[in-house]
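It should be emphasised that the depicted structure is a prediction, and the values quoted were computed from it without experimental measurement.
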Amino acid sequence: MKALYPGDEGVLVQYVQLALKRAGYPLETDGIFGEMTCAALRAFSGNEGACEVTETQWRRLLPYLKGYTVHEVQAGDTFWKLASEYRSAIWRLMVANPTVNPLNLQVGAMIVVPFDFALVPEDVAYTSYLTEYILEGLLVRYPFLKLRQIGTSVMGRDLSVLTVGEGKRQVFYNAAFHANEWITTPVLLKFAEEYAASYATGQNLYGVRPSWLYYGFTLSLMPLVNPDGVDLVNGLLEDEGYYERARRIAESYPQIPFPSGWKANIEGVDLNLQFPAGWENAKEIKYAQGFTSPAPRDYVGAAPLTAPESLAVYEYTKQNDFQLILAYHTQGEVIYWKYLDYEPEGSYRIAQYLGDVSGYAVEVTPGASGYAGYKDWFIQDYNRPGYTVEVGRGVNPLPMEQFPQIYQANEGILTGAMTQLV
């Protein structure tokens with residue numbers, strides 16, 4: 001992470017403010033490094049002269065973004081004492097340290113101490129960095145989760161899938177194919193956190209027994225399909241070469257604001273127009289609209305599956321036996337359920353249920369957008385239920401102020417997509 005100084009603004013300042021707030025210093029996560037942030041940083045560091053975030057400061061702040069620290073057991077330590085000292089909870093210590101006997105802590109042993117706050121924040125912009133911190137924190141807090149890297153982005157960022165459950169029925173949810181639709185990333189991350197906590201504590205997840213879900217289904221969650229594009233939109237693309245290439249691409253499409261209008265991957269390929277399901281039709285439609293070269297959105301690429309991010313999702317799908325998929329996007333509060341004349345068994349019934357529990361409309365994808373998408377290809381090749389879920393309304397990227405409403409509408413979708421397969 002780069003150094004930050006008073007007067008700096010942006011998403012990294014938001015992360016500093018988030019960490020300080022979690023450490024006990026009340027701050028707004030406004031992304032402005034002002035006097036309040038400076039005062040909190042001084043108090044946190046114990047240095048009256050400190051008002052900058054150096055590499056050393058970042059190391060001290062990161063546990064509050066990852067949601068845990070590591071403690072070396074001292075004589076007299078107990079889980080109760082550690083929970084009190086670190087503002088944690090005994091149940092969190094027990095879940096995160098399944099092989100440790102809390103009645104016989106060994107001096108010198110290293111144990112994980114999760115902090116007692118929700119790991120997935122609802123008041124900051126998301127980037128590949130924050131997503132990686134959250135995924136690490138989830139794995140540490142809930143060791144029964146699994147993480148797999150299924151590929152890398154154009155810029156070499158990990159494309160990660162988090163897996164929950166051990167059941168035979170497999171389902172797959174993904175988000176942020178489009179860069180300026182990054183608000184869908186915390187939707188999946190928050191669901192993962194709530195599901196894991198419910199399973200760990202035995203409390204129902206939106207009226208469903210978590211153990212029934214866990215042993216009945218294997219849920220794969222890919223919260224960030226397009227990490228490079230999301231980092232560009234949120235001002236955290238640190239490679240100046242890639243940034244300049246993206247800026248030059250955007251100059252050919254001046255009607256699209258830069259970078260807020262960017263949907264594509266960092267090379268200007270729309271990742272949700274890359275699948276072999278009417279790709280030639282999508283090319284004809286998008287070329288007619290003027291998207292004939294790499295663009296901030298709607299360029300289909302030179303051929304299907306040429307973008308590494310789309311190819312990774314395609315290959316991961318082929319390696320598994322998914323009974324149902326959800327692809328998360330933004331705009332319209334609508335669920336698209338069909339591709340051409342394909343109507344997999346039970347797909348309309350499930351779509352109607354998802355619409356009922358969310359309040360979203362259930363519709364057929366408009367013709368101009370009805371080809372080469374991930375949902376389209378999945379339905380075409382597997383003849384199983386697949387849905388594009390469009391959350392929120394407004395101008396992309398949607399502000400995080402909408403997140404609570406978006407998540408509330410999708411709680412039933414995320415749980416119900418599994419329960420309705422029975």
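There is no side-chain donor-acceptor pair under 3.5 Å between Y206 and S198. Q149 and S160 share a side-chain donor-acceptor pair at under 3.5 Å. A donor atom on one side chain and an acceptor atom on the other are found under 3.5 Å apart for Q17 and T37. Of the N and O atoms on the side chains of T29 and Y15, not one donor lies less than 3.5 Å from an acceptor on the other residue. Using a 3.5 Å distance cut-off with no hydrogens or angles, the side chains of Y374 and S310 do not pair a donor with an acceptor. E194 and Y199 are not linked by any side-chain donor-acceptor pair at a separation below 3.5 angstrom, with hydrogens and angles left out of the test. In this structure, a donor-acceptor pair under 3.5 Å is absent between the side chains of H178 and N396. K168 and T218 are not linked by any side-chain donor-acceptor pair at a separation below 3.5 angstrom, with hydrogens and angles left out of the test. A donor-acceptor contact closer than 3.5 angstrom links the side chains of E309 and N265. If you check the side chains of Y348 and E343, you find no donor sitting under 3.5 Å from an acceptor. Under 3.5 Å, the side chains of D231 and Y129 contain no donor-acceptor pair of N or O atoms. Using a 3.5 Å distance cut-off with no hydrogens or angles, the side chains of R349 and Q420 do pair a donor with an acceptor. Side chain to side chain, T306 and Q274 meet the donor-acceptor criterion of an N or O pair below 3.5 Å. For the residue pair Y382 / Q323, no side-chain donor-acceptor distance below 3.5 Å is found, with atom types taken as modelled. When only modelled atom types and interatomic distance are considered, H329 and E390 share no side-chain donor-acceptor pair under 3.5 Å.
Comment: D298 engages K286 in a salt bridge, judged by a side-chain N to carboxylate O separation of less than 4.0 angstrom. R245 and D239 are not joined by a salt bridge, as no carboxylate oxygen comes within less than 4.0 angstrom of a charged side-chain nitrogen. Using a 4.0 Å cut-off between charged nitrogen and carboxylate oxygen, K190 and E193 do not count as a salt-bridge pair. The pair D123-K21 meets the salt-bridge criterion, with a side-chain N (NZ, NE, NH1 or NH2) lying under 4.0 Å from an Asp/Glu carboxylate O. Comment: R157 engages E132 in a salt bridge, judged by a side-chain N to carboxylate O separation of less than 4.0 angstrom.
Considering only heavy atoms from C-beta on, F172 stays 4.5 Å or farther from L219 through its side chain.
One distance of note links CZ of F191 with CD1 of I413; it measures 11.0 Å at 0.5 Å rounding. One distance of note links OG1 of T330 with CD of Q402; it measures 9.0 Å at 0.5 Å rounding.
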Decide side chain to side chain donor-acceptor pair (under 3.5 Å) for T127 and N234; before the verdict, give the C-alpha distance in whole Å, the side-chain angles of both, and the deciding distance to 0.1 Å.
CA-CA 7 Å; T127 62; N234 283 326; over 6 Å; no
Could you walk me through whether R384 and D321 satisfy the salt bridge (Lys or Arg N to Asp or Glu O under 4.0 Å) test, starting with their C-alpha distance in whole Å, then the side-chain angles of each, then the deciding distance to 0.1 Å, before giving a yes or no?
CA-CA 10 Å; R384 291 172 177 174; D321 186 27; 2.7 Å; yes
Before giving the answer on side chain to side chain donor-acceptor pair (under 3.5 Å), spell out for T388 and Y328 the whole-Å C-alpha distance, their side-chain angles and the decisive distance to 0.1 Å.
CA-CA 6 Å; T388 297; Y328 267 86; over 6 Å; no
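Not counting sequence neighbours, the partners of D116 by the salt bridge (charged side-chain N to carboxylate O under 4.0 Å, His left out) test are R92. Listed by chain and number, the residues in a side chain to side chain contact (heavy atoms under 4.5 Å, CB included) with N204 are R209, P210 (sequence neighbours excluded).
No donor-acceptor distance shorter than 3.5 angstrom exists from the side chain of N320 to the backbone of F322, with no hydrogens or angles considered.
You'll find the ring centres of F378 and Y339 outside the 6.0 Å limit.
By the 6.0 Å and 45° rule, K283 stacks over the aromatic ring of Y287.
In the displayed structure, E345 atom CD is contacted under 6.0 Å by at most 12 heavy atoms of other residues, nucleotides or ligands.
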